[in-house]
4 protein chains.
Amino acid sequence: MAAALSVEEKKKRKRALILQAAVKLFSENGFAETPIAAIAKEAGVSFGTVFTYFETKETLFHSAILEPLEEIKPYFYEIEERYSGNPMEIISEMIHCHVELFSKRKDFLRLIQQVLARPDRYPDLFQELDDFVTVFIDRIVPLIIQGQKRGLFYQESPPLIAQSYLSLINGMRLTFVDEYTNLFWMDMRIQALRLFGPVSNGEGTKR
Amino acid sequence: MAAALSVEEKKKRKRALILQAAVKLFSENGFAETPIAAIAKEAGVSFGTVFTYFETKETLFHSAILEPLEEIKPYFYEIEERYSGNPMEIISEMIHCHVELFSKRKDFLRLIQQVLARPDRYPDLFQELDDFVTVFIDRIVPLIIQGQKRGLFYQESPPLIAQSYLSLINGMRLTFVDEYTNLFWMDMRIQALRLFGPVSNGEGTKR
Amino acid sequence: MAAALSVEEKKKRKRALILQAAVKLFSENGFAETPIAAIAKEAGVSFGTVFTYFETKETLFHSAILEPLEEIKPYFYEIEERYSGNPMEIISEMIHCHVELFSKRKDFLRLIQQVLARPDRYPDLFQELDDFVTVFIDRIVPLIIQGQKRGLFYQESPPLIAQSYLSLINGMRLTFVDEYTNLFWMDMRIQALRLFGPVSNGEGTKR
Amino acid sequence: MAAALSVEEKKKRKRALILQAAVKLFSENGFAETPIAAIAKEAGVSFGTVFTYFETKETLFHSAILEPLEEIKPYFYEIEERYSGNPMEIISEMIHCHVELFSKRKDFLRLIQQVLARPDRYPDLFQELDDFVTVFIDRIVPLIIQGQKRGLFYQESPPLIAQSYLSLINGMRLTFVDEYTNLFWMDMRIQALRLFGPVSNGEGTKR
DNA sequence: TATGAATGAGTGTTCATTCAT
DNA sequence: GATGAATGAACACTCATTCAT
């Protein structure tokens with residue numbers, strides 16, 4: 001009874017295949033060292049087809065960054081909607097979620113790092129990521145202030161706390177490439193939590 | 001009294017010029033998007049001369065990574081020799097020194113990140129950096145244990161603490177590209193310190 | 001009363017639209033630098049439709065040359081049928097007609113020139129144009145001879161006179177691209193006439 | 001005793017070889033349909049070498065037009081310096097010289113025609129050619145006026161006469177591609193002369 | 001018949017490496 | 001040792017043609 005895929009759906013699927021291949025290969029080999037031909041091969045489409053869906057290699061790179069970025073935004077933007085409990089618990093849940101996200105999206109993280117490492121090369125993309133950081137900070141600062149008022153968090157500048165957190169999770173993917181045992185990531189979460197406030201024993205791991 | 005430079009010294013100087021240009025341009029443009037011709041121009045030497053000093057582009061990249069790495073190794077390896085006080089004070093001084101180092105060697109840091117982001121592309125270099133991390137951890141773990149015994153540091157796995165620290169300083173350069181006011185970096189140091197143990201008010205900033 | 005167009009007529013109309021677009025774009029951009037897609041767009045039909053009416057790009061180019069050529073043939077072939085008076089008057093009328101034709105069919109002329117400029121590239125089309133020239137000469141030579149007998153034309157080889165005339169009108173379109181005021185073309189006609197025989201004052205402009 | 005060619009001379013020679021090949025192939029095949037590889041082959045140099053001497057294909061095309069144009073300029077600009085006699089004789093000599101030039105530079109002429117046929121595609125080159133025409137007219141107009149005063153030339157607008165002449169010689173190369181017997185060109189010269197003024201029998205052929 | 005997605009051959013350009021001077 | 005011309009492999013992008021719908 002499975003209805004035949006509509007033409008429109010087939011096209012979407014093909015586009016997604018190419019984008020997926022692009023994310024994989026760009027992240028592994030970098031923008032400049034990834035030939036379009038390799039992406040086509042990985043996606044199982046012909047060379048020319050890539051250009052049917054993406055005007056230029058640059059466009060494809062942009063899409064490979066921005067579309068997954070959209071997907072992860074909710075996990076950074078909708079903090080109080082998504083996570084529950086007192087501020088410390090909310091942050092703890094958030095970290096849990098982010099670490100899981102990042103441990104699973106190795107390839108996408110690497111793409112991000114390529115852009116961050118060369119702002120002049122990718123000004124538009126860099127701007128997008130910068131905006132992403134700005135919005136995240138805007139959203140999390142009230143929560144940090146709330147936690148500070150309750151004596152749960154350090155009396156540090158809230159944006160600084162937020163940025164140190166971003167630095168840590170960003171740097172994690174760089175430093176530990178393949179050795180992510182569950183245990184490792186779980187413990188890392190405690191360290192992340194410590195950038196916000198004092199952690200009583202075992203607190204970071206309760207979920 | 002300034003004697004004319006010996007031939008040997010002239011050669012060293014030329015080599016250094018090229019290497020310096022390579023660090024600058026590789027870090028700005030990446031390996032693949034930096035033509036040897038651009039490096040020659042930046043260094044003020046002729047195109048062919050680059051190949052007199054470095055067999056291939058790859059070799060030049062290796063040297064651009066490894067030679068500065070040697071220079072910064074002491075600041076990571078000779079912890080107890082360099083820094084003084086109780087474990088917390090030692091770590092605090094070390095962080096101070098590292099942050100200063102990293103805030104000054106923007107270009108070199110970016111090179112490192114390029115290698116870390118693509119272990120399969122640069123296996124030898126990645127290995128070197130991995131060894132660097134391993135040695136740093138080996139050197140700092142006893143100090144952390146000591147601090148834990150004295151109740152200054154968290155009872156967390158010492159290598160984990162070390163790695164979280166590395167992640168943070170690595171990620172810092174990625175996240176905040178140009179906005180490093182002194183204040184910012186100073187405050188960041190407190191956050192770094194919080195990965196090791198509880199920080200009494202103002203502790204991270206006393207030097 | 002206007003009956004709906006028959007299917008047959010619709011097809012003809014579509015074919016004509018494509019051909020018209022082809023003449024325009026081929027003449028502006030040359031054969032090689034005109035994509036079929038551009039022709040489709042200009043004609044307001046879909047890309048694939050072009051291939052429904054013309055087997056290949058080459059075929060379309062042939063048609064874009066040959067079909068308008070058929071249209072102008074009468075003005076070159078049916079000299080004595082079309083124009084009246086003594087030989088000088090006939091030639092004068094003919095020139096008038098040709099110049100008007102050429103000043104209006106800028107695009108078609110350019111197509112012709114593309115073929116003439118590259119006989120080896122377009123052997124078939126070149127042959128057609130060469131035949132056209134041959135027939136024109138065959139048709140006009142008797143008239144020239146007649147004019148020579150009457151002392152109206154120079155005692156030059158009649159084919160040479162004919163060819164010099166063709167050269168002049170062909171070259172005109174090349175040399176003066178946009179500046180064809182009526183006056184200019186009118187005066188040019190006198191110069192054309194002078195290739196045939198002496199022109200009394202104002203003779204070329206009397207119609 | 002033939003001294004070895006200096007490096008500088010060798011380079012000039014190689015550049016000339018490439019340019020010559022470019023003129024030949026561009027004129028035969030058009031800009032778009034001439035691959036650089038073909039030019040390299042024709043010139044007997046490697047593919048990459050072409051780019052050592054000419055930055056882009058477009059540049060090479062420009063040079064292929066403009067450098068020969070410089071060579072022929074004197075024959076159009078230095079009219080009274082180069083040719084002697086009364087105005088009619090000067091023009092006659094000039095025509096002789098131009099026809100000879102054009103009959104020998106078939107390839108270059110075709111290049112010119114490519115540019116004239118597509119002013120929008122080659123605006124810079126077209127401008128150059130337009131300037132060339134303008135200067136030629138400026139130079140020849142006084143001579144025409146002089147001839148008119150002496151009753152040798154028609155009382156036609158001098159620039160018009162000049163332009164009709166240019167049209168004729170331009171069109172000649174288009175119309176008669178390969179059939180230039182000496183006789184043909186010689187007779188054509190008389191026809192050209194007739195655009196200026198009445199020609200007494202055999203006048204055009206006396207040199 | 002009309003459409004436009006799929007294909008892959010073709011080509012301008014870049015650039016690391018070699019090597020003659 | 002220093003130079004920069006010569007080389008050709010590699011790659012992004014275009015586009016005529018095919019063909020499934």
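Remember, it's a predicted structure, so these values are computed and weren't measured experimentally. In what follows, chains carry the letters A, B, and so on, assigned in the order in which the sequence lines appear, proteins first and then strands, with residues in each chain numbered from 1.
In the model, Thr52(A) has no side-chain atom that pairs as donor or acceptor with a side-chain atom of Thr49(A) under 3.5 Å.
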Represent DNA chain E in dot-bracket notation, 5' to 3'. Only Watson-Crick or G-U wobble pairs with both distances under 3.5 Å count; pseudoknot-style crossings use [ ] and interstrand partners use |. .||||||||||||||||||||
What do the steps show when you test Phe51(B) against Ile36(B) for side chain to side chain contact (heavy atoms under 4.5 Å, CB included), and what is the final call? CA-CA 9 Å; Phe51(B) 288 93; Ile36(B) 295 271; 3.8 Å; yes
Starting from the C-alpha separation in whole Å, work towards a yes-or-no answer on side chain to side chain contact (heavy atoms under 4.5 Å, CB included) for Phe61(D) and Leu125(D). CA-CA 10 Å; Phe61(D) 189 65; Leu125(D) 288 171; 3.7 Å; yes
Report the C-alpha distance between Lys11(D) and Tyr53(D) in whole Å, list the side-chain angles of each, state the deciding distance to 0.1 Å, and finish with yes or no for side chain to side chain contact (heavy atoms under 4.5 Å, CB included). CA-CA 9 Å; Lys11(D) 278 169 58 179; Tyr53(D) 291 89; 3.6 Å; yes
Test side chain to side chain contact (heavy atoms under 4.5 Å, CB included) on Asp107(B) and Glu28(B); report intermediate values, then the result. CA-CA 7 Å; Asp107(B) 49 6; Glu28(B) 280 171 9; over 6 Å; no
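Along DNA chain F, the nucleotide nearest to Gly48(C) and the one nearest to Thr52(B) differ in position, and the one closer to the 5' end is contacted by Thr52(B). Mapping Thr49(C) and Phe47(D) onto DNA chain E by nearest heavy atom places Thr49(C) closer to the 5' end of the strand. Residues Val45(C) and Val45(A) each lie close to DNA chain E; by heavy-atom proximity, the contact nearer the 5' end of the strand is made by Val45(C).
For Gln20(A), the CD atom sits in a loose shell: 12 or fewer heavy atoms of surrounding residues, nucleotides or ligands are nearer than 6.0 Å.
Running 5' to 3' along DNA chain E, contacts with non-hydrogen atoms of chain D at under 4.0 Å begin and end at dT11(E) to dT14(E).
Taking a cutoff of 4.0 Å between a charged side-chain nitrogen and a carboxylate oxygen, Glu8(D) and Arg15(D) do not qualify as a salt bridge.
Among the atoms of the strands shown, only primed sugar atoms or phosphate atoms (P, OP1, OP2) are found under 4.0 Å from some heavy atom of Tyr53(D). Residue-level contact check: Lys11(B) touches neither bases nor backbone, having no heavy atom under 4.0 Å from any strand.
Residues of residues 18-39 of chain A that place a heavy atom closer than 4.0 Å to DNA chain E do not occur.
Side chain of Arg110(C) to backbone of Ala117(D): a donor-acceptor contact under 3.5 angstrom is found.
Between Leu69(D) and Leu66(D) the shortest side-chain heavy-atom distance falls below 4.5 Å.
Counting to the nearest Å, the P atom of dG4(F) and the NZ atom of Lys41(B) are 13 Å from each other. Note: CZ (Phe51(A)) to P (dC15(F)) measures 13 Å, nearest angstrom.
Using cut-offs of 30° and 60° on the angle between ring planes, the pair Phe31(C) and Tyr122(C) is perpendicular.
Between the CG atom of Leu19(A) and the CZ atom of Phe54(A) there is a distance of 4.5 Å, given to the nearest 0.5 Å.
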